[in-house]
*Asks:* 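This structure is in structure tokens; I'll ask about it shortly.
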There are 2 protein chains.
Amino acid sequence: MRMTSQREIILKELQDSHQHLSADELYERVKKIMPRISLATVYRNLETLSEAGIIGKLEISGRQKRFDFDIHPHDHIYCLQCHRVDNIDFDRNLVNPAEVASDKGYQITGYRVEFKGICSACRRNQKKREDGDKK
Amino acid sequence: MRMTSQREIILKELQDSHQHLSADELYERVKKIMPRISLATVYRNLETLSEAGIIGKLEISGRQKRFDFDIHPHDHIYCLQCHRVDNIDFDRNLVNPAEVASDKGYQITGYRVEFKGICSACRRNQKKREDGDKK
DNA sequence: TTACAATTGATAATTATTATTAGAAGGGGT
DNA sequence: ACCCCTTCTAATAATAATTATCAATTGTAA
């Protein structure tokens, strides 16, 4: 894999963001630095980078994929309202894949724990809206 | 919500299947009984039925949604190869949402544990193919 | 039985993503 | 520096899954 300039910028933008960005969010950011880049290039390189294990790919519930600068195994929570994704501190030792394995004859290669809820920003907004309605 | 005939058949087919079917799989089945039904109706009713809490909606990793006749809280494993989904026996008491809750100010409404791997049928097929290659 | 809302089938539109393709660019080996 | 080979890119088309639109139909309830 060649570390091209587009690849480099995509990677840097994702890492600097410290967020779980989707391909199109990243595309918007990268375009500011490299205006002629194509959305397909962003998709392609995110795929390549995640295959190479340099970034993580998050396949969150029925939504756009998001990409993660942090590749150590960890779990996530996402907001049902604004779809942002955050890391959670969940003790992965609590889960023992070997125990589940026998279940249906699956050969288990991984697992993830996914919490969902409403993030603090969305709750604030909701409250503000409700207060507004009262007036 | 009116229990229309299409609604009834969709529900019955899902329940009788004892599987985690996708909208189009269910469409194929329902069409055999009610040939003029529209795919949109299947989508619409699966949505309605799951909103009403009569069936469950499975939003598995970056894939087609699947629907579940079994609404009691439980977790799933899916096959990376053929994309089938099975239930797993996972002790949900191991996870304490309240502990995670404080983390980022989220109000947690649920969580799921999702295993992935290769199902026994796909492993058999893989083995068969390998044996074939040897000859 | 009339009137109104819910539902349907057909189809168009949308969203997210992947595939295609022709051309450009990087990096040896000579 | 020049050629060759592979990788990569931009632009665009294609695809897959789902949702929206809308006119026609059906069920329900006054």
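Per chain, numbering begins at 1; letters A, B, ... match sequence-line order.
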*Asks:* Passes side chain to side chain contact (heavy atoms under 4.5 Å, CB included), A/Q81 versus A/Q126? Steps please.
*Replies:* CA-CA 10 Å; A/Q81 220 142 89; A/Q126 207 159 26; 4.0 Å; yes
*Asks:* Nearest of C/dT17, D/dT18, C/dT7 to any side-chain atom of B/A23?
*Replies:* D/dT18
*Asks:* Using a cut-off of less than 4.0 Å, is there contact between a side-chain N or O of A/K65 and OP1 or OP2 of C/dT15?
*Replies:*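 Looking at the OP1 and OP2 atoms of C/dT15, neither is under 4.0 Å from any side-chain N or O of A/K65.
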*Asks:* Tell me: CD of A/E47 to P of C/dT20, nearest whole Å?
*Replies:* 15 Å
*Asks:* Using whole Å, what does the distance between atom P of nucleotide D/dT26 and atom CZ of B/R36 come to?
*Replies:*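 Rounded to whole Å, this separation is 11 Å.
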*Asks:* What integer distance in Å separates A/L46:CG from D/dT9:C1'?
*Replies:* 15 Å
*Asks:* Of the candidate nucleotides C/dT7, D/dT18, D/dA10, which contains the atom at the shortest distance from the side chain of A/T41?
*Replies:*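 My answer, after comparing the listed nucleotides, is D/dA10.
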*Asks:* Please list each protein N or O that sits under 3.5 Å from an N or O in nucleotides 27-30 of chain D, with the distance.
*Replies:*
none

*Asks:* Taking A/K65 as the fixed residue, which of A/K57, A/H20, A/E47 is the one that meets the side-chain contact (heavy atoms from CB on, under 4.5 Å) rule?
*Replies:*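 Between A/K65 and the candidates, side-chain contact (heavy atoms from CB on, under 4.5 Å) is satisfied uniquely by A/K57.
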*Asks:* Among D/dA10, C/dT17, D/dT19, which is the nearest nucleotide to the side chain of B/Y43?
*Replies:*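 For the B/Y43 side chain, the nearest candidate turns out to be D/dT19.
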*Asks:* Start with the C-alpha gap between B/H76 and B/N87, add the side-chain angles, then the distance that decides, and say whether side chain to side chain donor-acceptor pair (under 3.5 Å) holds.
*Replies:* CA-CA 4 Å; B/H76 297 94; B/N87 293 340; 3.2 Å; yes
*Asks:* C/dT17, OP1 or OP2 - any side-chain N/O from A/K57 closer than 4.0 Å?
*Replies:* no
*Asks:* Could you check whether A/R44 gets within reach of a base, just the sugar-phosphate, or nothing at all, counting any heavy atom under 4.0 Å?
*Replies:*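 Base, at least one base atom sits under 4.0 Å.
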*Asks:* Give a yes or no on whether the backbone of B/Y111 and the side-chain of B/R92 come within a donor-acceptor separation of less than 3.5 Å.
*Replies:*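 Such a contact is found between B/R92 side chain and B/Y111 backbone.
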*Asks:* Roughly how many Å is it from CE in B/M1 to C1' in C/dA5, rounded to a whole number?
*Replies:* 16 Å
*Asks:* Once you round it to whole Å, what is the distance between P of D/dT9 and CE of A/M3?
*Replies:*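 Roughly 10 Å, once rounded to whole Å.
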*Asks:* What is the separation between atom OH on A/Y27 and atom C1' on C/dT17, rounded to the nearest whole Å?
*Replies:*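 Rounding to the nearest Å, OH of A/Y27 and C1' of C/dT17 are 14 Å apart.
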*Asks:* Base, sugar-phosphate, or nothing for B/N45, non-hydrogen atoms under 4.0 angstrom?
*Replies:* sugar-phosphate
*Asks:* Hey, are B/E25 and B/R66 close enough for a salt bridge, meaning a charged N less than 4.0 Å from a carboxylate O?
*Replies:* yes
*Asks:* Using the rule side-chain contact (heavy atoms from CB on, under 4.5 Å), only one of B/Q6, B/R36, B/R7 pairs with B/T41; which is it?
*Replies:*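 Exactly one candidate clears the test, B/Q6.
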*Asks:* For A/L21, which of A/D68, A/L26, A/L46 qualifies under side-chain contact (heavy atoms from CB on, under 4.5 Å)?
*Replies:*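 Of the listed residues A/D68, A/L26, A/L46, the side-chain contact (heavy atoms from CB on, under 4.5 Å) partner of A/L21 is A/L26.
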*Asks:* Could you state the atom-to-atom distance from CZ of B/R7 to P of D/dT26 in whole Å?
*Replies:* 16 Å
*Asks:* In whole angstroms, how far is the C1' atom of C/dG9 from the CD1 atom of B/I10?
*Replies:* 12 Å
*Asks:* Let's see if you can work this out: which of C/dA10, C/dT17, D/dA10 has an atom nearest to the side-chain heavy atoms of A/Q64?
*Replies:* C/dT17
